[in-house]
Amino acid sequence: RHTRYWRDWSSDVCSSRSPSSTPFPTDVLRTSMSTRFFFNEAAGATSFVNASAATNPAICTAPLVCPTAGASGVRFSNAVEFASGQALKLKNALAITSSQPFVASAWIYPTDFSTEMVFISARNPSQPNKLVLGTTVSGEVFCRFGVNDMTSSVTIPLNEWTHVICSVGTNKKANLYINGAPRADAMFTVIPTGNLNVWMGMDGVSSIASFIGRLDEVAFYRTAITWDQAETIYDQYAAANRRSPTRSRLTPPPTSSTA
């Protein structure tokens with residue numbers, strides 16, 4: 001079961017990323033991150049530092065084709081830019097215990113919606129389900145794990161930075177946040193556990209659904225993310241005039257639908 005949230009159209013969901021006097025970000029829940037990529041590497045990089053686990057960088061060894069490092073980032077520095085067929089993979093599997101939630105966070109800058117795209121994917125090779133976080137041809141954001149599906153009822157634009165969080169708790173409650181605001185929730189029947197292979201830039205399990213655009217500030221957390229935390233994470237990178245929608249600006253969800 002999942003709920004889609006209505007948007008208050010007086011508030012723009014996405015950020016155009018202009019400079020502001022906002023302080024340089026301090027990571028929210030830094031000690032709860034299992035993986036953290038700033039993507040500050042210069043052009044030509046083929047390995048990307050994992051600030052939470054130095055021995056587990058993101059790499060693009062064959063047969064993967066490397067994205068372009070050194071692209072313009074969300075606000076403060078660099079990002080990686082993906083073309084069709086390009087991807088990064090964590091060097092080592094990401095271990096998720098049964099008592100640990102799965103949370104993925106990323107800033108995305110899509111430049112093409114001509115096909116469905118996946119910007120983060122993960123799978124335990126010993127299990128049939130895979131997690132994919134991506135965008136539809138209409139510009140909606142989705143988070144899927146096996147038959148479980150959350151899709152936002154709002155769309156995001158091309159050529160602008162948007163922040164996305166998919167949070168799946170140990171109670172199987174899943175939440176999708178876009179720019180600090182909840183845009184869908186669901187009760188999943190199963191959650192990702194075990195040693196997960198993680199890709200960025202495509203559905204690495206099937207080598208399809210390439211993401212076309214830029215990724216920046218990617219993180220995986222060991223704790224489920226609340227609405228307040230999602231707002232804080234987004235607001236640190238948002239320009240001063242692009243803060244996240246407050247609770248009072250969101251109307252209560254009038255309807256629910258079943259996945």
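Judged by distance alone, with hydrogens and angles left aside, the side-chain atoms of Arg222 form a donor-acceptor pair with the main-chain N or O of Met33 at under 3.5 Å. Checked by atom type and distance alone, the side chain of Tyr109 pairs as donor or acceptor with a backbone atom of Asn159 at under 3.5 Å. Side chain of Asp112 to backbone of Ile212: no donor-acceptor contact under 3.5 angstrom is found. No donor-acceptor pair closer than 3.5 Å links the side chain of Thr135 to the backbone N or O of Gly139. At distances below 3.5 Å, at least one donor-acceptor pair connects side-chain atoms of Thr136 with backbone N or O atoms of Ser138. Side chain of Ser77 to backbone of Gly73: no donor-acceptor contact under 3.5 angstrom is found. The backbone N or O of Val154 lies less than 3.5 Å from a partner atom in the side chain of Ser152, making a donor-acceptor pair. Judged purely by atom type and a 3.5 angstrom limit, Asn50 uses its side chain to pair as donor or acceptor with the backbone of Asn56. With hydrogens and angles ignored, the 3.5 Å screen pairs no side-chain donor or acceptor of Asp216 with any backbone N or O of Ala79.
Note on Ile178: it clusters hydrophobically with Leu215, by side-chain heavy-atom contacts below 4.5 Å among ILVMFWY residues. Cluster annotation: Val118 and Ile165 are assigned to distinct hydrophobic clusters (Ile/Leu/Val/Met/Phe/Trp/Tyr, side-chain heavy-atom contacts under 4.5 Å, transitive). Two different hydrophobic clusters hold Val218 and Val132 under the rule that ILVMFWY side chains link at heavy-atom gaps under 4.5 Å. Under the 4.5 Å side-chain heavy-atom criterion for grouping Ile, Leu, Val, Met, Phe, Trp and Tyr, Leu176 is connected to Ile191 within one hydrophobic cluster. By the rule that hydrophobic residues join a cluster once side-chain heavy atoms approach within less than 4.5 Å of another member, Tyr177 and Phe142 end up as members of separate clusters.
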Exercise for review: Under the ring-ring contact (aromatic ring centres under 6.0 Å, His included) rule, what do Phe48 and Phe39 come out as? Steps first, then yes or no, please.
Suggested key: CA-CA 6 Å; Phe48 298 84; Phe39 291 129; 5.6 Å; yes
Practice item. Run the numbers on Trp107 and Tyr234 for ring-ring contact (aromatic ring centres under 6.0 Å, His included), then give the verdict. Key: CA-CA 9 Å; Trp107 281 92; Tyr234 167 73; 5.5 Å; yes
**Study point:** Derivation of the side-chain contact (heavy atoms from CB on, under 4.5 Å) call for Val190 and Asn148
**Key:** CA-CA 8 Å; Val190 290; Asn148 302 279; 3.8 Å; yes
Exercise for review: Start with the C-alpha distance between Arg214 and Glu160, add both sets of side-chain angles, then the distance that settles salt bridge (charged side-chain N to carboxylate O under 4.0 Å, His left out), and finish with yes or no.
Suggested key: CA-CA 10 Å; Arg214 288 176 252 164; Glu160 291 186 16; over 6 Å; no
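The disulfide (SG to SG under 2.5 Å) pairs that include a residue from residues 73-137 number zero, where partners must be two or more places apart or lie in different chains.
Shortest non-hydrogen contact noted between Asp149 and Arg144 is OD1-CG, 3.6 Å. A pairwise comparison of heavy atoms in Ala181 and Trp227 identifies CA-NE1, 4.3 Å as the closest pair.
For Phe211 and Trp199, the ring centers are positioned 6.0 Å apart or more.
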Determine all donor-acceptor pairs shorter than 3.5 Å in which one atom belongs to a side chain in residues 82-96; sequence neighbours excluded.
from: Gln86; atom 1: OE1; to: Ala83; atom 2: N; distance (Å): 2.8
from: Gln86; atom 1: NE2; to: Cys66; atom 2: O; distance (Å): 3.4
from: Asn92; atom 1: ND2; to: Thr55; atom 2: O; distance (Å): 3.1

